[in-house]
Structures are given as structure tokens and as C-alpha cells.
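Structure first, then comments.
Source: prediction; values computed, not measured. Any value given below was found using the heavy atoms of this structure, including those in side chains, with hydrogens, waters and symmetry copies removed.
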Amino acid sequence: MQTKQRITILGSTGSIGKSTLDVLARHPGQFGVYALTASTQVGLMLAQCAQFRPEVAVMVREDEARLLADKLKAEGLNTEVRWGAAALDAVASAPEVDAVMAAIVGAAGLSPCLAAARSGKKLLLANKEALVVGGEVFLTAVREGGAVLLPIDSEHSAIFQSLPEDPSTWQRRVDKIILTASGGPFRGRDPSTLHEVSPDQACAHPNWVMGRKISVDSATMMNKALEVIEARYLFGLDPDQLEVVIHPQSVIHSMVQYKDNSVVAQLGTPDMRVPIAFGLSWPERMVSGAAALDFHALAAMTFESMDDHGHPERFPGLKLAWATLKGAPGSCAVLNAANEIAVEAFLNRQIRFDHIHHVNEATLQNVVSGRPENLDDLLVLDHRSRVAAREVVARLS
């Protein structure tokens, strides 16, 4: 009789977390939920606990945790409630856990990702910041812990599915990786009008349903910059072997070009349940719940260079990916921290949309990143970068 895989979902109330639970609900005989974690959404966490009966639920703060505990008790549910960063690390590394879905947005997800990696878990990485911020520190934890690292971002999952099974052959056989980008909601907009963009407009992605922070990153193309950095660490290729092409239909999720110039691509409907199901079932395949791609109804697929139609002016942040990868080892962590502060300030209407790039660039110039050796170094660098970014925001406000 097959034993159920026991799963911890870091960030269960976000878009990736909810999609993961949707997939798990389709396969109750294969998976069980050990722990769910969330930031502030007590009501949704209560509903998730009622449906999936995890042993542990973790909230970021004590107030929300106590409120959740009271509500669970009133419903007759015996899920244990914990709170705080240490609790996140604990449910990510618990001996009872087989796999961890890392879906906490931002640098806050780094510590539990490291805990899961050091504990040798099957780590389903939807938090690109773990690699962008953690870099070699994170990869060392994966190697030393014996973890299995599987990318969940649609682009990186597509690349992983398009690469040879043996990673030792990647350098020898692969010419380059091509990440696709939809171009976001402002692909055809006059760049001179971007200062007028509102938070609601920036969050209206044409193809994907995502959280507000990720939606803004898509609108600025900073998500693609972070994905380029993530691809560099995931697949071990040189920065010059990474390319971005605009593909507005979001049908081809990414491609691998081989030394003989043949190209292998992964296609599918723009539904995150596809890469989630692939990661959960790897190396097998299982039903995801996503609609099948209908080639008879498929519109024409088009592609644009990032240099077409003024894209460098519209998406200036994209080039920061290659600049940071070729810079000091901590530069990527500085960029991520600056971008989180800039996006937060934009969503709070403190700065304009076109100021986001200015905050990122100025912070990179103002912070000496060095070479972080461990989590403490990374956290110090992250803090210094956020302070510097807030100073830039204050000057722009």
C-alpha cells in the first residue's frame, strides 16, 4: 500500500498555496497536509484547516494565531496553532514532512526554505527570492542536506521539463535558455505615459491570476529579471546563456536551445496548477485540474525581441538581472530587497510606477553588497538594502 506524501505549504492563503491545495484535493489518496502557514488571513486559514485537517497551522503574528486558535476550537478542530519565524522553520523541516511547497512571497520565505533544504526535503520552489537572495548559500544547503529542488515558477518548470534528465550533461549539450514573458499589461503602452499608471492598472495582468506584488513585478518586468537570476542558479549556465523573449499569449512557458540549434519547448494553458502538479508528482505525472490546450482554438503565437518597439525604455529593470549576476555576489539580494520596498511604496501610492526602477537602481549604487557566507550575512545585507531603498523612496515621495 502506497504511503501518502505529507506536505507543508508555506503561504497557503496566497495564489500558489490555494492552487496547490486545489491539486491536492484531487488526489486525496496520495497526499496529506502536515502544515499550512499564512500571514494575516485568519478566515481563509480556518476554512483550509476545516477542509484539509493539517496537524499544524502557523501564522506570522501572535494576534492572528490566537484568533485562529479560538476559531478552530469553536469549530471542534484540533489543529495546533503556532506563530513566528521559528515556527515556519520548524514545519518546513519537521521529520513528518516529505515535501515543502515554498510559496511565501519575498525574502521572508528564505529562512524556512533553507530549513527545508538542510533537512533534505523535496522542496517545491515557488519563492524565487530564495535563490535570488540566497544564491550560493541556498544551493550549498540543498547539496549538503540532500534535498530535491524542483522549480514551480511556470518558466523554470518549463525549462526543467525541457532539459535532459542528467544535469551533468547540461553544460555540454545546452546552448542557451530562453525565458518567455507576456510583456504584462503595458507591453504596447507609450513609455512616456507610465508615470500615470495606478496600482489597480498595474495589477491587471492579461493572462495570469497572481498576487498584487507579483502582478506589479510583471508590469515592470522585474519578475523576469528575478527569474533570469533564478535560472542562473537553478541550471548553472552562464548569464550570457540566458535570454528573454516576449510571447504575449503565454502558451509557450519557456524553451531550451541545444548546441545543434534544435529547440525544446514546454506548452500549456496559463494555469499554475500544471507546474504544481508536475512538482508534486515528479518524476511521474498526474491530473492537475487545468484545461487542456486546444490547438484548434489557439490564436496565432507571436514573439517579440525585448529590443522591439521601445521595450528597453518601457522595461529598464530587466537589464539589472545581468548586471547583478556579473557584479558582486550579494548584488542580487540588494536588488530583491530594493524592489520589494519600491513595489510596496508604489502600491501604497508613495511613489509613481516609473519610480520603481529608480529606487532599484539607486539602491544598487548605494549599497556595498560583498560576499554573504550564511543566513545572518544575507539578513544583514537585506536589512541594509531596505533601509537604503526607503531613503530613496522618501526623497521621491
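Arg53 is listed as a side-chain neighbour of Leu77, based on a closest heavy-atom distance under 4.5 Å. By the 4.5 Å heavy-atom criterion applied to side chains, Val174 and Phe235 are not counted as neighbours. Side-chain contact between His156 and Pro275 is absent, with no heavy-atom pair separated by less than 4.5 Å. Looking at Arg82 and Val91, their side chains come closer than 4.5 Å, going by heavy atoms from C-beta outward. In this structure, the side chains of Asp240 and Lys326 come closer than 4.5 Å at one or more pairs of heavy atoms. Within the 4.5 Å cutoff, side-chain heavy atoms of Glu391 are placed close to those of Val387. By the 4.5 Å heavy-atom criterion applied to side chains, His357 and Leu320 are counted as neighbours. Within the 4.5 Å cutoff, the side chain of Leu21 has heavy atoms near those of the Leu36 side chain.
Checking side-chain atoms of Arg384 against main-chain N and O of Val368 turns up a donor-acceptor pair under 3.5 Å. Ser12 contributes no side-chain N or O that, together with a main-chain N or O of Ile9, makes up a donor-acceptor pair within less than 3.5 Å. Using modelled atom types, one side-chain atom of Thr269 and one backbone atom of Ala291 make a donor-acceptor pair closer than 3.5 Å. Side chain of Arg232 to backbone of Leu237: a donor-acceptor contact under 3.5 angstrom is found. The closest donor-acceptor contact from the side chain of Lys128 to the backbone of Pro151 lies at 3.5 Å or more, if one exists at all. No donor-acceptor pair under 3.5 Å is formed between the side chain of His195 and the backbone N or O of Arg352. Not a single donor-acceptor pair under 3.5 Å links the side chain of Thr79 to the backbone N or O of Glu55. No donor-acceptor distance shorter than 3.5 angstrom exists from the side chain of Asn223 to the backbone of Ile214, with no hydrogens or angles considered. Lys224 places no side-chain N or O within donor-acceptor distance of the main-chain N or O of Gly317, the cut-off being under 3.5 Å. Looking at Gln249, its side chain does come within 3.5 Å of a backbone N or O of Ala300 through a donor-acceptor pair.
Residue Leu68 holds its CG atom at 6.0 Å from CE of Met59, rounded to the nearest 0.5 Å. If you take CG on Asp271 and OG on Ser19, they are separated by 6.5 Å, rounding to the nearest 0.5 Å. To the nearest 0.5 angstrom, His358 atom NE2 is 8.5 Å from Thr363 atom OG1. Atom CZ of Phe346 is separated from atom NZ of Lys213 by 13.0 Å, given to the nearest 0.5 angstrom. With rounding to the nearest 0.5 angstrom, the CG atom of Leu163 is 5.0 Å from the OH atom of Tyr258. How far CD of Gln30 is from CD1 of Ile7: 10.5 Å, rounded to the nearest 0.5 Å.
Closest non-hydrogen pair, Met255 versus Ala265, comes out as CG-CB, 3.4 Å. In terms of heavy atoms, Val58 sits closest to Met45 at O-CE, 4.1 Å. Nearest heavy atom pair, residue Val367 against residue Ala388, reads CG2-CB, 3.6 Å. Taking every heavy atom of both residues into account, Gly183 and Met221 meet most closely at CA-SD, 4.3 Å. Between Thr180 and Glu155, the shortest heavy-atom contact is O-CG, 3.8 Å. Scanning all heavy atoms of the two residues, the minimum distance from Lys259 to Gln171 falls at CE-O, 3.8 Å.
With Val132 as the fixed residue, the side-chain contact (heavy atoms from CB on, under 4.5 Å) test singles out one of Leu335, Thr324, Asn127, Leu226: Leu226.
The distance between the ring centers of Phe353 and Phe186 falls below 6.0 angstrom.
Between the side chains of Ser192 and Asp190, a donor-acceptor pair is found at a separation under 3.5 Å. Side-chain contact, Arg143 with Thr140: a donor N or O sits under 3.5 Å from an acceptor N or O.
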Show the numbers, then the answer: is there a side chain to side chain contact (heavy atoms under 4.5 Å, CB included) between Ser254 and Gln266? CA-CA 6 Å; Ser254 277; Gln266 188 265 345; over 6 Å; no
Quick one, Arg212 with Asp200, criterion salt bridge (Lys or Arg N to Asp or Glu O under 4.0 Å). Give me CA distance, side-chain angles, the key distance, then yes/no. CA-CA 9 Å; Arg212 286 173 69 79; Asp200 287 343; 3.7 Å; yes
Under the criterion side chain to side chain contact (heavy atoms under 4.5 Å, CB included), I'd like the reasoning laid out for Leu114 against Asp89: C-alpha separation, chi angles, the key distance, then a yes or no. CA-CA 8 Å; Leu114 281 167; Asp89 290 357; over 6 Å; no
Applying side chain to side chain contact (heavy atoms under 4.5 Å, CB included) to Leu325 and Val228, what does each step give before you reach the verdict? CA-CA 9 Å; Leu325 285 172; Val228 168; 4.2 Å; yes
Can Leu125 and Ile152 be said to form a side chain to side chain contact (heavy atoms under 4.5 Å, CB included), step by step? CA-CA 5 Å; Leu125 192 65; Ile152 299 301; 5.6 Å; no
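Side-chain heavy atoms closer than 4.5 Å link hydrophobic residues (I, L, V, M, F, W, Y) into clusters, and following such links, even through other members, never connects Leu293 to Val287. When hydrophobic clusters are built by joining Ile, Leu, Val, Met, Phe, Trp and Tyr residues whose side-chain heavy atoms come closer than 4.5 Å, directly or via intermediates, Leu347 is grouped together with Leu194. In terms of hydrophobic clustering, with Ile, Leu, Val, Met, Phe, Trp and Tyr side chains grouped at heavy-atom distances under 4.5 Å, Trp83 and Tyr34 are assigned to different clusters. Leu150 and Leu110 fall within a single hydrophobic cluster, where Ile, Leu, Val, Met, Phe, Trp and Tyr side chains are chained together by heavy-atom contacts under 4.5 Å. Taking hydrophobic clusters as Ile, Leu, Val, Met, Phe, Trp and Tyr residues chained together by side-chain heavy-atom distances below 4.5 Å, Leu318 does not share a cluster with Val343.
Between Glu136 and Arg371, no side-chain nitrogen of the basic residue sits less than 4.0 Å from a carboxylate oxygen of the acidic one, so the salt-bridge criterion is not met. Ionic pairing of Asp70 and Arg66 is not present here: no N-O contact between side-chain nitrogen and carboxylate oxygen is shorter than 4.0 angstrom. Checked for salt-bridge contact, Arg61 and Asp63 miss the test: no charged N lies under 4.0 Å from a carboxylate O. With respect to Lys18 and Asp22, no salt bridge is recorded, no charged nitrogen being found less than 4.0 Å from a carboxylate O.
Aromatic ring orientation, Phe278 versus Phe160: perpendicular (interplanar angle above 60°, classes split at 30° and 60°).
Dense packing is recorded around CG of Asp260, with more than 12 heavy atoms of other residues, nucleotides or ligands lying under 6.0 Å away. Heavy-atom contacts from other residues, nucleotides or ligands closer than 6.0 Å to CD of Glu165 number 12 or fewer.
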